[in-house]
Amino acid sequence: MQVLSVTPEIFPLIKTGGLADVAGALPIALAHQGVATRTLLPGYPVVMAALAKSKPLLTYQNLHGGKASLRPASVSDLDLLVLDAPHLFERSGGPYGDASGADWADNWRRFAALGQVGADIAAGALPGYVPDLVHAHDWQAAMTLAYMRYGKAASMPSVMTVHNLAFQGRFPATIFPELGLPDSAMTLDGVEYYGGVGFLKAGLQAASAITTVSPTYAQEIRTPAFGMGLDGLINLRAADLAGIVNGIDVDIWNPATDRHLAANFSAKTLKPRAINKRAVEERFQLDHDSGPVFCVVSRLTWQKGMDILNSILDEAVAAGARFAILGAGDAALEGALLAAAARHRGRVGTVIGYDEQLSHLMQGGCDAIVIPSRFEPCGLTQLYGLRYGCVPIVARTGGLADTIIDANEAALSAAVASGFQFAPENGDAFLHAIRRAIAAYAERPTWAALQRQGMKSDLSWERSAEKYVQLYRSLIMKKAA
Ligand SMILES: Nc1ncnc2c1ncn2[C@@H]1O[C@H](COP(=O)(O)OP(=O)(O)O[C@H]2O[C@H](CO)[C@@H](O)[C@H](O)[C@H]2O)[C@@H](O)[C@H]1O
């Protein structure tokens, strides 16, 4: 089976969040099950810099206002098709905005172009290659499915995966004439969205199947509280909706071999974690004591509940907690967490920035990771925490609810507990969970049992990849029937 995956990010080349991890790991797991994935992504400068010289497979004299070509590449076992379109992607800053964080004004054009090329490939534009199915990730890739639907690949099966419904790619109606779609597409069941154009909406409408990255989030987005304006449409398509929980790359995230750790360890030999903990204490200028260090590795945003964390920090520190916080995002939250570190020297350390290596050390050295998200489609950091014996303390929502077993009495006595859950958006409940963790940490055998239980969890992609393969197969068979 041949799958064309379309994504705006892929690890290890370009990553702003969890989507990149998934886009990078899923093709490898699918390959073990006989599915060959080619991944189409934009040629941002960091991507172009990583490519060896190659002959273009396809050229465009005018793709949304400039010359473009499609270059094949192989990076870390990934079979890539890179859209080299300097007028759209050759700029400094991030993949979606300039260095100050402001979105590029022509993002609609950049990702419409990506979608156009995806649909061209689906329609057979590459000599000798026609995929059996197209899999699009998030709003930036979603227009692929709309261009397919209104173009030559209307009968090809497709999957639209929602990693985060908060990002929808919503633009004014004035862009519609420039998209090159027929007028009939500007309707309620097409790309029209609240009077404008909705990229994710268009993909959800066009896809043969919709997936999200956990079963609980798949149900949550059918409600107004989580649906972000799309719950009506998602409910209409409920028969084609599935939740498949993310796995993690267990080779990249392996405490026994991880080069970013000061000391490697495994479930059998947890002792060396203490060396990593010491390294974290040094890096975050924390006091040394016998209590737990809680960490945060996160985008600093409302979604991630970082304001809730900030509101309970003083009390958590008074209860004996120390915090190592790594993140970047909203300026106000960055400022508040830096201020907390200044207020609680030795008890709270805050590093603002994006640091992949440091995130590994934190998972390998901190005792627990706190994730107070308001909503969480899947969440990866709790999975890394499980793998590294860094016990997750999570809001009971989305994928966090699906992947962590709360250390209540029943779960502890059945030896299945792997972390702590608390009611979302509730500072008191969050604080209570931190107090429970501090108490459990004081009973070393209980804590070690929690760590080992988490480290035993099967977090690999194999099971989830199997579910994607089943879905792909059923869609291909349905279209053929
Ligand atoms: N400052 C920092 N330094 C270093 N690394 C950092 C970092 N901040 C975040 N990261 C890393 O970025 C990734 C974040 O992944 P998440 O799944 O937690 O959330 P995200 O909201 O980005 O993804 C969305 O897509 C994913 C994938 O489907 C879903 O799991 C999730 O719920 C959804 O919101 C992790 O690999 C984490 O370690």
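Read the numbers this way: they start at 1 and go in the same order the structure lists the ligands and their atoms.
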At less than 4.0 angstrom from any non-hydrogen atom of [X], what atoms of ligand 1 do you find?
| X | answer |
| --- | --- |
| N164 | 34 (O) |
| E376 | 31 (C), 32 (O), 33 (C), 34 (O) |
| Q303 | 34 (O) |
| G327 | 1 (N) |
| P377 | 32 (O), 33 (C), 34 (O) |

Nearest protein heavy atom to [atom], by residue and atom, and its distance?
| atom | value |
| --- | --- |
| atom 19 (O) of ligand 1 | K304 NZ, 3.0 Å |
| atom 8 (N) of ligand 1 | S298 C, 3.5 Å |
| atom 3 (N) of ligand 1 | D355 N, 3.0 Å |

>> For atom 28 (O) of ligand 1, tell me which residue out of H163, R299, Q382 has the closest non-hydrogen atom.
In response: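 Selected option, by shortest heavy-atom distance: H163.
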> CZ of R473: more than 12 outside heavy atoms within 6.0 angstrom?
Replying inline: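 Count not over threshold, so no.
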> Between G379 and ligand 1, is there a nitrogen or oxygen pair with a distance under 3.5 Å?
Replying inline: yes
>> For ligand 1 and G17, I'd like to know whether there is a polar contact (N/O to N/O, distance under 3.5 Å).
In response: no
>> Using only atom types and a distance under 3.5 Å, with no angle test, would you say the side chain of R299 pairs donor to acceptor with the backbone of G329?
In response: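 Judged by distance alone, no pair lies under 3.5 Å.
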